[in-house]
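Taking it in order: structure first as structure tokens, then the write-up.
Residue numbers start from 1 in every chain, and the chains themselves are labelled A, B, ... in the order their sequence lines are given, proteins ahead of strands.
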Amino acid sequence: MSKKTPQAIRGTQDIFGAEAEAFAFVVETFERVRRLYRFRRVEMPVFEKTEVFARSLGETTDVVSKEMYSFDDRGGESLTLRPEFTAGIARAFLTNGWQQYAPLKVATHGPLFRYERPQKGRYRQFHQIDAEVIGAAEPQADVELLAMADQLLKELGIEDVTLHLNTLGDGASREAWRAALIEYFRAVKDQLSEESQERLEKNPLRVLDSKDPRDKPFLAGAPKIDAFLSEEASAFFAAVTSGLDAAGVKWVRAESLVRGLDYYRHTAFEFIPDGGSASAAALGSQSTVLGGGRYDGLMESLGGAPTPAVGWAAGIERLAMLVGAREEERLKVGIAVEHDDLVTAATWAASELRSQRLSVEIVANGSMKKRFDKAAKLNPLYLVSLHLDGEAPSFTIKNPEHSDAYATIKAVLVNAIAR
RNA sequence: GCGAUCAUAGCUCAGUUGGUUAGAGCGCCGGUUUGUGGUACCGGAGGUCGCGGGUUCGAACCCCGUUGAUCGCCCCA
């Protein structure tokens with residue numbers, strides 16, 4: 001029998017201490033901001049039938065074709081650990097009759113799973129916050145959603161990221177543009193990188209954000225989406241941008257920004273750290289911190305009625321990296337129990353103080369002489385010594401300059417030793 | 001899926017061209033001291049050097065494999 005301790009699964013994390021505090025700070029801030037915009041909280045299953053993702057994301061996307069955690073359950077049904085939120089929320093919208101609440105604004109957060117090579121800011125089990133507006137065709141929905149994202153980042157103290165914005169047009173615009181791109185790049189196909197040659201067949205829009213120097217010369221001359229936008233699509237995008245200006249959200253046009261998943265239409269966006277900024281350095285190559293767009297085509301792919309919708313998701317780990325380490329709240333009362341006969345009194349006092357919303361740590365193990373030092377190292381606002389004065393229980397309270405809770409603590413301790 | 005770097009005590013690391021019982025700081029445990037306290041000093045526990053093979057008289061060090069982490073590509077949040 002082996003005594004070896006099993007290792008954690010590759011790409012999973014055990015988050016602790018300052019990092020866990022930063023993680024919680026991101027979630028708490030998101031919860032607060034989401035209420036300001038009246039997004040309703042939803043809790044979603046962590047797994048769904050595989051087809052929920054396969055049909056909505058597109059069979060040929062990387063996520064579906066090689067990154068999903070799929071398995072057959074005991075009934076022989078193929079299930080998949082959610083690789084993203086949107087598909088599951090769309091499924092819930094259709095199966096629960098949430099159409100009655102449209103336009104429905106919902107927010108959630110939790111773990112997602114993707115079988116990828118782990119690296120900085122990228123994990124196999126990772127966590128996102130997510131916001132969606134379903135059943136709203138107006139550009140105002142895009143604006144509100146983006147304004148919320150912008151405010152969230154500001155409240156997290158992340159100032160050096162910028163909204164990169166693009167439009168993919170409506171279905172017809174997108175198809176015409178796509179065809180023109182294929183035609184343009186096919187003419188120079190043998191001069192492109194191997195990766196772009198492959199992308200050209202699978203997802204020609206992706207060629208546009210290639211970083212390969214062999215592709216660069218051809219990117220500038222590639223057809224632009226703007227030339228293919230229908231009148232309605234142009235008007236829609238203009239309404240989004242003017243709305244953002246009105247809301248005070250700074251943005252830049254990113255003509256080559258596309259989305260990886262098939263269901264996107266119209267607005268596509270990412271918040272990306274500014275070049276050379278502290279955030280860019282903190283994130284390494286995983287630069288997108290929040291991304292999303294409009295997915296008017298998704299509901300139909302799941303067998304529902306055409307339903308306009310727009311949403312975004314942001315990686316909690318990535319946001320937590322930008323927020324930096326956050327300290328745990330300072331301990332209020334540290335009690336050094338300097339004689340074993342006083343443990344009961346300390347337990348009673350701690351219970352009493354905690355019920356009055358004061359955090360308490362009891363130090364009652366190891367050498368009695370060192371307990372005070374140990375309690376002092378916890379850096380409490382009030383450092384309490386419980387000891388024997390001859391035969392009689394007694395106490396002292398250090399750091400009395402913090403007077404707000406001093407009287408309370410003293411009264412509790414007087415009762416504790418009198419018992 | 002591809003490429004690169006790394007893996008020594010609980011943590012951060014040192015270990016000189018392969019050569020005796022593998023070290024330090026911090027942390028932990030005990031004691032002394034400071035006669036009232038986060039100090040200083042002494043002592044202690046803790047490692048089959050990620051794991052498995054190989055080369056060698058001899059491997060933490062060289063070679064191969066493997067697992068994991070990190071960085072980049074890809075993809076994405």
Side-chain angles (χ1 to χ4, degrees), chain A residues 2-14 16-17 26 57 60-68 82-86 109-131 149 153 161 193-196 198-199 202-203 206-207 209-213 257-261 264 268-273 281 283-293 311-322 331 334 336 338 363 365-380 383-385 387 389 394-399:
Chain A
S2 174
K3 286 181 192 166
K4 279 197 186 122
T5 305
Q7 291 185 317
I9 306 285
R10 180 162 157 86
T12 64
Q13 324 169 70
D14 302 309
F16 174 76
V26 170
L57 306 191
T60 61
T61 57
D62 279 17
V63 170
V64 170
S65 63
K66 50 193 189 195
E67 294 177 0
M68 293 204 303
R82 44 140 92 140
E84 59 124 39
F85 277 117
T86 306
H109 67 84
L112 303 165
F113 305 85
R114 251 122 93 161
Y115 190 87
E116 294 184 277
R117 186 79 171 261
Q119 57 182 264
K120 187 176 194 172
R122 196 171 85 182
Y123 307 93
R124 288 184 171 180
Q125 177 179 334
F126 60 105
H127 303 80
Q128 287 185 346
I129 51 180
D130 180 273
L153 293 170
V161 301
S193 65
E194 295 78 13
E195 277 144 12
S196 286
E198 207 175 306
R199 280 188 283 232
K202 278 171 56 188
N203 195 347
R206 279 272 152 213
V207 178
D209 49 22
S210 170
K211 290 163 202 155
D212 194 299
L257 187 146
V258 297
R259 302 269 72 215
L261 308 177
Y264 286 104
F269 52 86
E270 296 181 3
F271 282 81
I272 300 174
L283 283 174
S285 65
Q286 310 301 314
S287 55
T288 299
V289 83
L290 183 153
W312 56 250
I316 298 178
E317 287 87 351
R318 292 185 188 175
L319 290 172
M321 281 192 276
L322 302 187
L331 174 64
E338 300 195 76
V363 178
N365 55 25
S367 165
M368 287 193 264
K369 286 183 177 178
K370 291 200 168 167
R371 290 179 189 174
F372 189 90
D373 285 5
K374 279 198 223 171
K377 282 192 179 179
L378 298 172
N379 190 30
L383 176 55
V384 173
S385 161
H387 52 269
D389 191 1
S394 179
F395 67 86
T396 58
I397 307 172
K398 298 280 171 186
N399 303 1

Next item on the list: Compute whether any side-chain donor of one residue and acceptor of the other, for A/E317 and A/Q13, lie under 3.5 angstrom apart.
Entry: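 A donor-acceptor contact under 3.5 Å links the two side chains.
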
Notebook entry, point to check: Going by atom types alone, do A/E338 and A/S385 pair a side-chain donor with an acceptor below 3.5 Å?
Noted result: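 Checked: A/E338/A/S385 side chains pair up, N/O donor to acceptor below 3.5 Å.
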
Starting from [atom2] on [N], measure out to [atom1] on [X] and report it in whole angstrom.
{"X": "A/I397", "N": "B/rG38", "atom1": "CD1", "atom2": "P", "result": "19 Å"}
{"X": "A/Y115", "N": "B/rC74", "atom1": "OH", "atom2": "C1'", "result": "15 Å"}
{"X": "A/M321", "N": "B/rA77", "atom1": "CE", "atom2": "C1'", "result": "10 Å"}
{"X": "A/L283", "N": "B/rC76", "atom1": "CG", "atom2": "C1'", "result": "13 Å"}

Classify the nucleic acid contact of [X] as base, sugar-phosphate or nothing, counting any heavy atom under 4.0 Å across all strands shown.
{"X": "A/E270", "result": "nothing"}
{"X": "A/E198", "result": "nothing"}
{"X": "A/K374", "result": "sugar-phosphate"}
{"X": "A/G121", "result": "base"}
{"X": "A/F271", "result": "nothing"}
{"X": "A/G11", "result": "sugar-phosphate"}
{"X": "A/Q128", "result": "base"}

base_contact_polar ([N] base, [X] side chain, donor-acceptor, <3.5 Å):
{"X": "A/R114", "N": "B/rC75", "answer": "no"}
{"X": "A/K370", "N": "B/rG38", "answer": "no"}
{"X": "A/R122", "N": "B/rC74", "answer": "yes"}
{"X": "A/E338", "N": "B/rG37", "answer": "yes"}
{"X": "A/R199", "N": "B/rC75", "answer": "no"}

Ignoring the backbone of [X], work out which of [options] is nearest its side chain.
{"X": "A/K398", "options": "B/rU36, B/rC75, B/rC73", "result": "B/rU36"}
{"X": "A/P118", "options": "B/rU70, B/rC75, B/rC76", "result": "B/rU70"}
{"X": "A/T288", "options": "B/rG38, B/rG37, B/rA77", "result": "B/rA77"}
{"X": "A/R117", "options": "B/rG30, B/rC2, B/rC76", "result": "B/rC2"}
{"X": "A/D373", "options": "B/rC28, B/rC76, B/rG37", "result": "B/rG37"}
{"X": "A/R318", "options": "B/rG30, B/rC76, B/rG68", "result": "B/rC76"}
{"X": "A/S385", "options": "B/rG37, B/rC75, B/rU70", "result": "B/rG37"}

Rounded [atom1] spacing from [N] to [M] in Å:
{"N": "B/rC71", "M": "B/rG65", "atom1": "C1'", "answer": "23 Å"}
{"N": "B/rG46", "M": "B/rC29", "atom1": "P", "answer": "16 Å"}
{"N": "B/rU66", "M": "B/rA4", "atom1": "P", "answer": "14 Å"}
{"N": "B/rU5", "M": "B/rG43", "atom1": "P", "answer": "43 Å"}

Note to self: For B/rA77, is there a stacking contact with A/F126, counting only centres under 5.5 Å and planes under 30°?
What the structure shows: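 Stack criterion met.
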
[X] side chain near [N] phosphate (N/O to OP1/OP2, under 4.0 Å):
{"X": "A/Q119", "N": "B/rG72", "result": "yes"}
{"X": "A/K369", "N": "B/rU32", "result": "yes"}
{"X": "A/S367", "N": "B/rG31", "result": "yes"}

Set out, line by line, the N/O atom pairs under 3.5 Å between protein and nucleotides 10-12 of chain B.
none

Checklist line | Complement of B/rC2, any strand, by Watson-Crick or G-U distances under 3.5 angstrom | finding: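 Partner of B/rC2: B/rG72.
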
Check: Do you know the tightest heavy-atom contact between A/K120 and A/A281?
Finding: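 So the two residues come closest at NZ-O, 4.0 Å.
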
